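Quick notes on the structure that follows.
Note on naming: letters A, B, ... go to the chains in the order of the sequence lines (proteins, then strands), and numbering restarts at 1 for each one. Keep in mind it's a predicted model, so treat the numbers as computed, not measured.
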Amino acid sequence: MEKKRALRIFSILEKEYPAATSALYFNNPFELLIATILSAQCTDERVNKVTPGLFRKFKLPADFLSIPDEILEKEIFSTGFYKQKTKSIKNCCRVLVEKHDSRVPESFDELSRLPGVGRKTASVVAGNAFGIPAVAVDTHVLRITNLLGFIESRDPEKIEFKWKELLPEDKWVKISNLLILHGRKICIARRPQCADCVLNKLCPYPSSTKEEKM
DNA sequence: CTCCCGATAT
DNA sequence: ATATCAGGAG
């Protein structure tokens, strides 16, 4: 049974990473929203080098709207795609001010309608800021779900629905954070550390790469 | 499907 | 030196 195996994997990872939360630095939903927009195609670690200083200077959506693009571009430069992200953040803040009373909407649908916010970002914010059940599928979740053999797909939405069908919704937010953490520490994209992996026995992948590199 | 882009591992 | 990492919009 697939669900049984999924639950088993969840338990093992939960034991391994008891305090699995988003690795992003944030103090409130708005900060998490901005941090997550910045985390597109960028490691959380890199985002965290930029956000503490950024949030000290700019607290509210209106603060971000009040500054020239060039200032914001310079602040977030190292996260890559900085021109796009500056536009996304500004447009997003504009919508927050104009349509949401300067606050972050508390539903997945409203979140994903914000500029610069797709399913992954909406899920991260919904789940980690508001405790709304959601599966955030980033590159780690996608990769590991494939490696574990639960699915064969590059479509994040398919991965998302797969986990939603595999686990009860009180575990959705946690499984994302667990897989992301595991993906960064052990099941690393460039070179998975299968020897140190707690899922070794439950994963079809290690056996297929026995004598690779040693 | 293409564009957006810096940081880091190899 | 260069491949790879890491999401959203048009």
Can you list the residues that meet the salt bridge (charged side-chain N to carboxylate O under 4.0 Å, His left out) rule with Glu165(A), with sequence neighbours excluded? Lys162(A)

Say we look at dC5(B) and dT4(C): how far apart would their C1' atoms be, to the nearest angstrom? 14 Å

Could Arg5(A) and Phe150(A) be counted as a cation-pi pair, given that NZ or CZ must be under 6.0 Å from the ring centre and within 45° of the axis? yes

Distance in angstrom units between Glu73(A) CD and dC4(B) P, rounded: 14 Å

Could you check whether Arg103(A) and His100(A), counting side-chain N and O atoms only, form a donor-acceptor pair closer than 3.5 Å? no

I need the NZ-C1' distance between Lys120(A) and dA9(C), as an integer number of Å. 16 Å

For Asp69(A) against Thr86(A), the heavy-atom pair lying closest together: O-CG2, 3.9 Å

To the nearest angstrom, how far is Glu45(A) atom CD from dA7(B) atom P? 13 Å

Using atom CZ of Phe77(A) as one end and atom P of dC4(B) as the other, report the distance to the nearest whole Å. 15 Å

Glu160(A) CD to dG7(C) P, in whole Å, measures 14 Å

Per the side chain to side chain contact (heavy atoms under 4.5 Å, CB included) rule, which among Ile89(A), Leu38(A), Val117(A) passes with Leu33(A)? Val117(A)

Answer with base, sugar-phosphate or nothing: what part of the nucleic acid does Thr121(A) contact at a heavy-atom distance below 4.0 Å? sugar-phosphate

Answer with base, sugar-phosphate or nothing: what part of the nucleic acid does Pro156(A) contact at a heavy-atom distance below 4.0 Å? nothing

Value in whole Å for how far the P atom of dC4(B) lies from CD1 of Ile76(A): 16 Å

What's Asp44(A) touching, base or sugar-phosphate or nothing? Going by heavy atoms closer than 4.0 Å. nothing

Tell me every residue that passes side-chain hydrogen bond (donor to acceptor under 3.5 Å, both in side chains) with Glu31(A), counting only those two or more places apart in sequence or in another chain. Asn27(A)

Residue list, side chain to side chain contact (heavy atoms under 4.5 Å, CB included) with Ser102(A), at least two apart or on another chain: Pro61(A), Val97(A)

Using heavy atoms and a sub-4.0 Å distance, could you list which residues of residues 176-190 of chain A are near DNA chain C? By number, please. Ala189(A), Arg190(A)

Which of parallel (below 30°), tilted (30 to 60°) and perpendicular (above 60°) describes Phe64(A) and Phe55(A)? perpendicular

Just how far, in rounded Å, is C1' of dC5(B) from CG of Leu72(A)? 15 Å

Numerically ordered, the residues 78-87 of chain A set in heavy-atom contact under 4.0 Å with DNA chain C is none

Closest contact, heavy atoms only, Glu160(A) versus Val135(A): CG-O, 3.5 Å

Output the rounded distance in Å from NZ (Lys49(A)) to P (dG6(B)). 17 Å

Contacts of Glu14(A) that satisfy side-chain hydrogen bond (donor to acceptor under 3.5 Å, both in side chains) - sequence neighbours left out: Lys174(A)

If you assign Thr43(A) and Val117(A) each to the DNA chain C nucleotide with the nearest heavy atom, which residue ends up on the more 5' nucleotide? Thr43(A)

Under-4.0 Å side-chain N/O to phosphate OP1/OP2 contact, Arg46(A) with dA6(C): no

Can you tell me, in whole Å, how much space there is between the C1' of dC3(B) and that of dA6(C)? 15 Å

